[in-house]
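As a basis for the values below, the full set of heavy atoms in this structure was taken, side chains included, without hydrogen atoms, waters or symmetry mates. Count residues from 1 along the sequence. Every number for a ligand or one of its atoms is a count from 1 in the order of the listing.
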Amino acid sequence: MPSNKGPIKLGIVGVGKIVRDQHLPALAKDSDYQLVAAASRHGKVDGIPNFPTIEAMLDAVPDLEAVSLCMPPQFRYDAARAALEAGKHVFLEKPPGATVSEVEDLKRIAGKHGVSLFASWHSRYAPAVEAGRAFLASARISSAAIIWKEDVRRWHPNQEWIWAPGGFGVFDPGINALSIATHILPAMFITSAALDFPENRASPVAAHVAFRTSNGVPVTMELDWLQTGPQSWDIVAETDKGKMVLSGGSAKLAIDGKVVHDEPEAEYPMLYRRFAEIVRAGVSDVDLAPLQHVADAFMLGKRNVVEAFLD
Ligand code: NAP
């Protein structure tokens, strides 16, 4: 049942990189939550009971109110379903699932059990996103470009799941860009795509995507996972009020070269604030637009086979 008083008793599942980098530090400072248990096959969280599976945690900790599911997307549906059916609120790491329809099913199950489901999109909480959105809402956009180029060896070492079917390949970071783009740009759809698959991998290492908004504005997206040196996480729009550049994953906003917004990031504290808000309001927050675009890119995209990727 929604917790209206006191901290939300939370369990965390899939203790790996993002749990250690972001969830635990954000939760440690957040009085809205009490982290009471963890479930992971190998990972452990100090100072709380740890269980090998979510089922064991749900059995052993009946007063748990919510869970954060942080394992890779291919392995999330069954855990989410078990938690929702046990009456727990569920925070899904991004991407919320491996398919659009499985997340639709989770939404239905959450509704049936009267609990909240949160499809979190951390990049939407980057500091300059709302300022960029307000700027674009006040301007006439003539074109936009999403450029997301990073070094997979630096950010995802030894993550085999990310290259497996359902791991999304370069769309794992690319969906972060899409979570921002779908929040700040008018509704759009893919008109063409080309996906570069290394000959030894099941997921793409690069993608070249063209979209069109319903009023005809062209939007391009370039994803590349082999960029060494400076990394690019930029969204650029040409408008009648000047050129907008959201850079550094939307940490910074510049209009015609002048920085108008630049703040330190607090994405995960804000995600947890939003989760507490929806739990207390008794609603869900599940926007599948970014996931739908990834599905469409795989559906419409031409497949190029490129050089093998070696770790
Ligand atoms: P990770 O460290 O490779 O995986 C997280 C944990 O999930 C692993 O430590 C593992 O814990 C568990 N796991 C792995 N394979 C599993 C399986 N087959 N079944 C059940 N559990 C499994 O990955 P991550 O970087 O934390 O990413 C997890 C999710 O967070 C992804 O959806 C990713 O897109 C998202 N995310 C990652 C980052 C980032 O910077 N890394 C940033 C934002 C969001 P056990 O072996 O202990 O079970």
- Task: Return the option from Lys17, Arg41, Gln74 holding the heavy atom at the smallest distance from atom 40 (O) of ligand 1.
- Result: Lys17
- Task: Mind checking whether Tyr268 contacts ligand 1 via backbone (N, CA, C, O), side chain (CB onward), both or neither, at a 4.0 Å heavy-atom cut-off?
- Result: side chain
- Note on the structure: With heavy atoms and a 4.0 Å threshold, my read on which part of His42 contacts ligand 1 is both
- Flag yes if more than 12 heavy atoms outside Lys94 fall under 6.0 Å of its NZ atom; otherwise flag no. yes
- What part of Asp172 sits under 4.0 Å from ligand 1 if we count only heavy atoms: the side chain, the backbone, both or neither? side chain
- Message: In terms of relative ring orientation, are Phe275 and Tyr33 parallel, tilted or perpendicular, with 30° and 60° separating the classes?
- Response: parallel
- Task: Have a look at ligand 1 and work out which part of Glu160, if any, has a heavy atom under 4.0 Å from it: side chain, backbone, both or neither.
- Result: neither
- Examine Ile48 and Leu24 and state if one hydrophobic cluster contains both, with Ile, Leu, Val, Met, Phe, Trp and Tyr joined whenever side-chain heavy atoms are less than 4.5 Å apart. yes
- Relative to the ring of His156, is the ring of Trp225 parallel (under 30°), tilted (30 to 60°) or perpendicular (over 60°)? tilted
- Run the salt-bridge test on Glu160 and Arg201 with the 4.0 Å N-O cut-off and return the result as yes or no. yes
- Query: For Ala79, is the nearest heavy atom under 4.0 Å from an atom of ligand 1?
  - Reply: no
- Message: Just to be sure I read this right, does ligand 1 sit under 4.0 Å from the backbone of Trp161, its side chain, both, or neither, counting only heavy atoms?
- Response: side chain
- Message: Check for me, please, whether Leu288 and Ile175 land in the same ILVMFWY cluster - side-chain distances under 4.5 Å, paths through other members count.
- Response: yes
- Name the closest protein heavy atom to atom 23 (O) of ligand 1, giving the residue it belongs to and the distance to 0.1 Å. Gln159 NE2, 3.2 Å
- Task: Please report which non-hydrogen protein atom sits nearest to atom 45 (P) of ligand 1, along with the residue it belongs to and the distance in Å to one decimal place.
- Result: Ser40 OG, 3.3 Å
- Query: For ligand 1, is any non-hydrogen atom under 4.0 Å from Lys94's backbone (N, CA, C, O), its side chain (CB onward), both, or neither?
  - Reply: both
- Task: Have a look at Leu92, Ile18, Leu69 and point out the one with the heavy atom closest to atom 42 (C) of ligand 1.
- Result: Ile18
- To the nearest 0.1 Å, how far is atom 4 (O) of ligand 1 from its closest protein heavy atom, and which atom is that? Pro72 CD, 3.9 Å
- Query: Where does Met71 meet ligand 1, judged by heavy-atom distances below 4.0 Å: at the side chain, the backbone, both, or neither?
  - Reply: both
- Query: Is any side-chain heavy atom of Thr228 closer than 4.5 Å to a side-chain heavy atom of Arg154?
  - Reply: no
